[in-house]
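Just so it is clear: chains get the letters A, B, ... in the order the sequence lines come, proteins before strands, and each one is counted from 1.
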There are 2 protein chains.
Amino acid sequence: MAYDLSPNLAPGTQKKDLDTPCYLIDLDVMERNIEKMAAYFRGRTANLRPHMKHHKTPEIALKQIAAGAIGVCCQKLGEAEAMADGGVDNILITYEIIGTAKILRLMNLAKRVNLMVTVDDPDNVADLSQAAQAAGVDLGILVDVNSGQNRCGIDPGSPAVALAQSVAKSPGLVLNGLCGYEGHLQSVADLEERTTRAREAMSRVTATAEAIRKDGIDVEIVSAGGTGTYNITGDYPGVTEVQAGSYVLMDASYRKVLHDFDLAGTILSTVISRGAPDRAVLDCGMKALSSDQWPPLVVGLPGVEVGGISDEHLSVQLTDSDSRQLRPGDQVELVPAHNDTTVHLHDHLFAMRAGELEMVWVVAGRGRIR
Amino acid sequence: MAYDLSPNLAPGTQKKDLDTPCYLIDLDVMERNIEKMAAYFRGRTANLRPHMKHHKTPEIALKQIAAGAIGVCCQKLGEAEAMADGGVDNILITYEIIGTAKILRLMNLAKRVNLMVTVDDPDNVADLSQAAQAAGVDLGILVDVNSGQNRCGIDPGSPAVALAQSVAKSPGLVLNGLCGYEGHLQSVADLEERTTRAREAMSRVTATAEAIRKDGIDVEIVSAGGTGTYNITGDYPGVTEVQAGSYVLMDASYRKVLHDFDLAGTILSTVISRGAPDRAVLDCGMKALSSDQWPPLVVGLPGVEVGGISDEHLSVQLTDSDSRQLRPGDQVELVPAHNDTTVHLHDHLFAMRAGELEMVWVVAGRGRIR
């Protein structure tokens, strides 16, 4: 192909020389976040199994594992395949894997890594059992319990117990335990309310685990928790794994409810137009900076206020004389409101240290036919 | 790499056998849309130069050109490079190209296709002139005029005239004309209001063109219009090119204001969970179906109502006894609310005819380092 990629990918390239829009990681901040979360889990009953939907990048996963994480969570089969390709060998897919094509891929993955997947449906259990037998693998299973989010998951108590019993009896499958992610509570602003409600949610899952154990069936794993509840679920009796992901790069939305971790991920953009004395237009629209949560934060430019976004444009209001000096070509850096959907827009993450490019990572977990 | 792609990519594969989530095109519908728009422009003063931000796929561009389009518009340099790689040789980039790295790529592109780009800033004109001379190319320029959208673009009248004069005098640059996209009017629901306001917007651009011509400077091109105003700008005296793009695949948002074209693009999804009698969860979240406009439309299942969306889940309410028969593994097809940001999430488009896969297209214009 005859097109030119940006020439500015060499280690040591200054931020000011990077082509935009691009996703930047401040490595010092990210590494502090990874270490802080890992330190919290050292010596605790619960382990950290961070979620990869946040960054989809094996190189970051390996740093998390090196700091103490026992493995990773993935939301999609394609993410899990990318993690396995990148050297991660202990993976929980927190998603129901449905259909012949995906189940075949799942079995191939189970042959090369330590793999678990969640289930909430008896027919799916039967399909997985049949495929696992055909493939000659023992597939780890967590029963997905609806702890209150009302999305996927089987009801706690007897429905979940019955499904777990069925898994335990299914050849090719190994019942490892339960999964009960309280996603609806991650952004509850009031910490006391978040704590109370997360404990309520956890109690539904751990009570179900107890009920299963009463039948003589081992429940080794109870997986729950996110970044907004990491130290609530991480301390909750009976929870053995916490799925927190967003602590690594963080984003403006999580920052509203949690200050334990710092902002490590930003979008670097360029002013492309100055249409009016109080308006500039940046080259990061919805195809570079997701708009499903709002607003992003402007880094270090107090007089720049985020306005309307379209596919490839972000309009900003310039509210003081300093910001009105911005010219086409000047760079503006923004913290995404929602990191996970923003990373998903990018093929590459630019890993920076002290304002210089250290390396470029491929977002290997995005974009596969899945 | 050891992972498996979906095996179901062979021509003739039935829709029911496709892995999901994936983006489907109904080729019969798309080809009708392409022909209908092309037919409108036959024998008219204005030409059709459709916008590629809609689908980013050279194979579709070539069909549009074969039907009569004079070339294409692109929103990003990377899209234009992808179109050139795919065989498109007449490209207008409706975007300000700023900065050394991108301007160098722009010049390389100008060496191999008939290329125009928009400008709204004197310094950018100077940079492009210098780079074009160094590269030994004559770069086509449209002055970007703010016809009322208040995003990019220089004010109509004397500011735009002065910039056009400066372009006309700049070695390496060729003033081809003006661009005045009235993006803020595309979705005005009332046709009469849309017509009146689009004509007002056009009059600002065409009056500026006349003022430039009074100075003896040729203004060959006046580019404007979108799918929502194609037959308003397409008939407006002095407009020579219309940039409509969304008529090809359409989406649920455009469909609210325009029925001239049919819905050709859908997301095929699979039920992955049935958590409650009246709830199902689909495998198309915000990473497969953009949520910046809302809601998507469910195709052919009256009892299925769209509920909440998260990264990889779409919850739907099941409001009748038929829809409550849905089981994990069943497919549900949805029309995106906003096509352009949805296509951008996918690496491949599955081109279907009569329910069978005809071919798989790569969305070549997305994801490059740009």
Side-chain angles (χ1 to χ4, degrees), chain A residues 1-8 19 21-22 53 75-76 81-82 84-85 95-96 98-99 101-102 104-105 108 112 120-121 123-124 146 150-154 183 270 272-276 279 281 286-287 290-292 310-313 315 327-329 340-341 344-345 347-348 367-370, chain B residues 1-8 19 21-22 53 75-76 81-82 84-85 95-96 98-99 101-102 104-105 108 112 120-121 123-124 146 150-154 183 270 272-276 279 281 286-287 290-292 310-313 315 327-329 340-341 344-345 347-348 367-370:
Chain A
M1 306 294 264
Y3 62 87
D4 315 294
L5 291 178
S6 166
N8 299 329
D19 202 4
C22 61
K53 70 187 269 295
Q75 198 78 326
K76 300 295 278 192
E81 291 165 333
D85 293 343
Y95 203 82
E96 283 65 26
I98 305 288
K102 282 209 181 66
L104 179 64
R105 286 163 58 187
N108 286 335
R112 60 191 182 111
D120 72 357
D121 180 81
D123 290 348
N124 187 218
N146 178 11
N150 294 332
R151 199 173 62 182
C152 295
I154 195 165
T270 299
I272 59 155
S273 178
R274 283 298 317 277
R279 184 177 73 241
V281 181
M286 295 185 285
K287 291 177 179 172
S290 69
S291 66
D292 56 278
S310 48
D311 283 20
E312 300 284 7
H313 301 83
S315 293
R327 291 286 310 146
D340 301 11
T341 48
H344 182 69
L345 299 170
D347 284 351
H348 302 89
R368 299 174 181 224
I369 295 175
R370 19 175 223 172
Chain B
M1 304 291 266
Y3 62 88
D4 315 295
L5 292 178
S6 165
N8 299 329
D19 202 3
C22 62
K53 70 186 270 295
Q75 198 78 327
K76 300 293 278 191
E81 290 165 335
D85 293 344
Y95 204 80
E96 283 66 27
I98 304 288
K102 282 209 180 65
L104 178 64
R105 286 163 58 188
N108 286 335
R112 60 192 182 108
D120 72 357
D121 180 82
D123 290 347
N124 186 218
N146 178 10
N150 295 332
R151 198 173 63 182
C152 297
I154 194 165
T270 298
I272 60 156
S273 178
R274 281 299 315 277
R279 184 177 74 240
V281 182
M286 294 185 285
K287 291 177 179 172
S290 69
S291 66
D292 57 280
S310 49
D311 283 21
E312 301 284 8
H313 302 83
S315 293
R327 289 288 308 147
D340 300 11
T341 49
H344 182 70
L345 299 170
D347 284 351
H348 303 89
R368 299 175 182 226
I369 296 176
R370 21 174 222 170

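In this structure, chain A has a heavy atom under 4.5 Å from the side chain of Asp121(B), while its backbone stays farther away. Heavy-atom distances place both the backbone and the side chain of Asp292(B) under 4.5 Å from chain A. Interface residue Asn146(A): only side-chain heavy atoms are found under 4.5 Å from chain B. Heavy atoms closer than 4.5 Å to chain A are found nowhere in Ile154(B), neither backbone nor side chain. Of the atoms belonging to Thr341(B), heavy atoms from both backbone and side chain fall under 4.5 Å from chain A. In this structure, chain A has heavy atoms under 4.5 Å from both the backbone and the side chain of Cys152(B).
Partners of Arg151(B) under the side-chain hydrogen bond (donor to acceptor under 3.5 Å, both in side chains) rule, at least two apart in sequence or in another chain, are Ser310(A), His313(A). With sequence neighbours left out, the side-chain hydrogen bond (donor to acceptor under 3.5 Å, both in side chains) criterion links Asp120(B) to Ser273(A).
The distance from atom CZ of Arg274(A) to atom CG of Asn124(B), rounded to the nearest 0.5 Å, is 14.5 Å. Residue Arg327(B) holds its CZ atom at 9.0 Å from CD1 of Ile98(A), rounded to the nearest 0.5 Å.
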- Item | Asp311(A) and Gln75(B): CA distance, side-chain angles, deciding distance, side-chain contact (heavy atoms from CB on, under 4.5 Å) verdict | CA-CA 9 Å; Asp311(A) 283 20; Gln75(B) 198 78 327; 5.6 Å; no
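Chain B forms more heavy-atom pairs under 4.5 Å with one residue of Pro328(A), Gly99(A), Gly275(A) than with any other, namely Pro328(A). Ranked by heavy-atom pairs under 4.5 Å with chain A, the first of Asn150(B), Asp123(B), Val281(B) is Asn150(B).
Note on Lys53(A) versus Glu312(B): no salt bridge recorded, every NZ/NE/NH1/NH2 to OD/OE distance being 4.0 Å or above.
Counting heavy atoms from C-beta outward, Lys287(B) and Asp340(A) have side chains that approach closer than 4.5 Å. At least one side-chain heavy atom of Arg105(A) sits under 4.5 Å from a side-chain heavy atom of Asp19(B).
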